[in-house]
Number of protein chains: 2
Amino acid sequence: MDGADRGGESAPQVVPGASEPGGQGELAGPDGPGEVGSTMPASGRPPALTDVARLVGVSHQTVSRVVNNHPGVRPRTRERVLAGLRELGYRPNPAARALATGRSRTLGVLALTGTLYGPTSTLYAVEQAARAADYQVTVVSLHSLDPGAVRQALGRLLAGGIDGVVAIAPLLDATDALSAVATRLPLVAVEGRPDGNIATVSVDQEHGARTATEHLLAAGHPTVRHVAGPSDWYEGAGRIAGWRAALEAAGAAVHPPLAGDWTARAGFAAGRQLAHEPDLTAVFVANDQMALGVLRALREGGRRVPEDVSVVGFDDIPEAAYFSPPLTTLRQDFTEVGRQSLRSLLEQVETGATGRAHVVIPPELVLRRSTAPPP
Amino acid sequence: MDGADRGGESAPQVVPGASEPGGQGELAGPDGPGEVGSTMPASGRPPALTDVARLVGVSHQTVSRVVNNHPGVRPRTRERVLAGLRELGYRPNPAARALATGRSRTLGVLALTGTLYGPTSTLYAVEQAARAADYQVTVVSLHSLDPGAVRQALGRLLAGGIDGVVAIAPLLDATDALSAVATRLPLVAVEGRPDGNIATVSVDQEHGARTATEHLLAAGHPTVRHVAGPSDWYEGAGRIAGWRAALEAAGAAVHPPLAGDWTARAGFAAGRQLAHEPDLTAVFVANDQMALGVLRALREGGRRVPEDVSVVGFDDIPEAAYFSPPLTTLRQDFTEVGRQSLRSLLEQVETGATGRAHVVIPPELVLRRSTAPPP
DNA sequence: AGGACAAATGTTAGCGCTAACATTTCGCCG
DNA sequence: CGGCGAAATGTTAGCGCTAACATTTGTCCT
């Protein structure tokens, strides 16, 4: 198990109205305590505010005030209402609430289908941050991020009545489709191009790539090759730019990057090509999954890692430490990405402002055994 | 990219009311066509049924009938209403609908945080199947699957007003917590213990494990060791059982399985132990990520795969084909799992029946280069 | 003790939609 | 050509909640 995955769930167990608006406790047990007077609701439908009100002998509005923790309810009254709430196992009806307030306390997440480490981790991180803020998360997944598909997915989300959207949309093209919507709906683009009119949160890809490249140059490698991600991806482009910048700053030769698509398969193909190049000593691969493919290709081509060739990846997927050899790579803090996205989004939701802030999170170099000085 | 991830999105682009209840089209352009008569709604809030009704000159109920594609509307009227709908960029308000009908067209998915291949793939598969049925998906993720956490997550989901739950809850213990809820709410457990009172959908773990083991025995290996998943996981227990059954049927020695937790780290630890055993010739590892660790440990221990030792995994993660050597493993069809889960769930939602069906999906052996006859 | 004011509680009116029933319109037959 | 029945449309009443305002109750001062 990934160590970070452990640690107790700490969402507070809230009795209705105890402290948070809309808080809810354990699964209610309406079929609980006895003494259900004649005030018991017709037992077909779940108890509503008025049922509790009738039972306790107050108005439904007072019950509502208790449930929502509004001020101006006498402690004695509050106690009695709370008891009634518990007795009937009341749960607020979210649809009614949404209808009355115009807010659903639901956020939409636009996610990319697949098992790419970054997007998946971000999805979960966003969900957790949202839960902490007492929001629900509705997911819409996409196979592709072309503008049409993005627009359609946003439409689906909009139809679902959400309060805001976190778009995990690392494709550069997607940004425009998002901008069009962002004027009408709070939206944060994760790993989106930050030059639009929209709020973004992203990991500093360029910085990471520069770090990786400089690490290799500093070890004495004359230059560094790059197995790139798709250049229409934000991350792909950023990593290419950072790698190139580092080489140019050091006056090292800049060979054209080899294009990949994030998959181990593509990494393997690129690695095979590289394995033929006699002066190859260092490769920066745009993500760990491709690096896995590169590693296998190099080994099969008779190049030892790290003795003959050094390899650096990007992502630090949990398996990276168990590649052969363990992979030096850049770790991205997706939990932080999720947290920041939510912060930025809720700020928009709550103030009504359109967001334009760009949050950038630095990645961190993790040294393992796949890098060494050149032979 | 994972090949299966490709292929065009085919969700139909529905004009409101064209064919499905609640269908919705592109992002509406209310700021679109001109000629906005005096019937235009006070432009603060989005257009409602009554706005369209007023514009067209019919009752809001007629508009509702058109939107929901109910019969008994004259073609001419329908046309006029559709035009009005389009002109104002009408979108049904889901909260109002949910309040009036008692159904939210939203399903909850209980998912396990982390980057485990199975649960993640299942989540996306369920989302896609739900979308095809015109349901939304709300996700609640969990770090751990102990009964308390499961109960709490279900409570959160319930508070969100969903129509049913798909619980991706592979832990045996979780089943009881689910049963408690299933009597009040449509629920399907994916990879849950099928002996409860609840509907389940799962891959036939035992069958898969037996297949893997038999494949190795058939190649001539005297016996097969097992690096197991946690035995309190449904998959973990099932794979142990299948492996054991195959060995016993063949009269082969049954060494105690080595316990793991699905991570590459655990696989590495187990692999190190195994590397010391001189008579080791074949290992069945309970998932691919652990198999990666085993592979590295064996190599570092001087045992060649497959020349000295054969290894079989489980899952067929996209990277498995790029391990060194490429891994023989069992592929699970998660798309089918998602589809079946949804079918079973919607059956419950729509008929009101409590589900008890157990759907089982067979896995498929994928032969690669990590298996060979013993030395 | 009598207000004056604040605190506590109650009342009313929607939010936007659907379901059930009421009414109108139309086609068609005797 | 009147009237019957079905088809088409309209009317009404909630769903459960919150927000705004109205009313009652309590508290404190002079």
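Chain letters run A, B, ... following the sequence lines, proteins first, then strands; residues in each count from 1.
Take A/Thr122 and apply the side-chain contact (heavy atoms from CB on, under 4.5 Å) test, not counting sequence neighbours, and it matches A/Val126, A/Ile168, A/Val190, A/Phe334, A/Val337. For A/Asp146, the salt bridge (charged side-chain N to carboxylate O under 4.0 Å, His left out) test picks out no residue, with sequence neighbours left out. A/Ser341 pairs by the side chain to side chain donor-acceptor pair (under 3.5 Å) definition with nothing, not counting sequence neighbours. Residues passing the side chain to side chain donor-acceptor pair (under 3.5 Å) test with A/Ser64 are A/Asn68, sequence neighbours excluded. Evaluation of the side chain to side chain donor-acceptor pair (under 3.5 Å) rule for B/Arg339 yields B/Glu336 as partners, not counting sequence neighbours. Contacts of B/Arg343 classified as salt bridge (charged side-chain N to carboxylate O under 4.0 Å, His left out), with partners at least two apart in sequence or in another chain: B/Glu347.
Using modelled atom types, one finds no donor on one side chain facing an acceptor on the other under 3.5 Å when comparing B/Ser179 with B/Asn197.
Residue pairs meeting the salt bridge (Lys or Arg N to Asp or Glu O under 4.0 Å) criterion with at least one partner in residues 64-77 of chain B, sequence neighbours excluded, are absent.
Between A/Arg74 and B/Pro75, the residue anchored nearer the 5' end of DNA chain D, judged by the nucleotide with its closest heavy atom, is B/Pro75.
In this entry the distance linking CZ of B/Arg76 with C1' of C/dC26 reads 14 Å, nearest Å.
Axis angle, first five pairs versus last five pairs of the helix from C/dA1-D/dT30 to C/dG30-D/dC1: 50°, rounded to 10°.
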Task: Sequence-aligned protein contact record of nucleotides 10-18 of chain D, with B where the base is within under 4.0 Å of a protein heavy atom and S where only the sugar-phosphate is - done: BBB-BBBBB
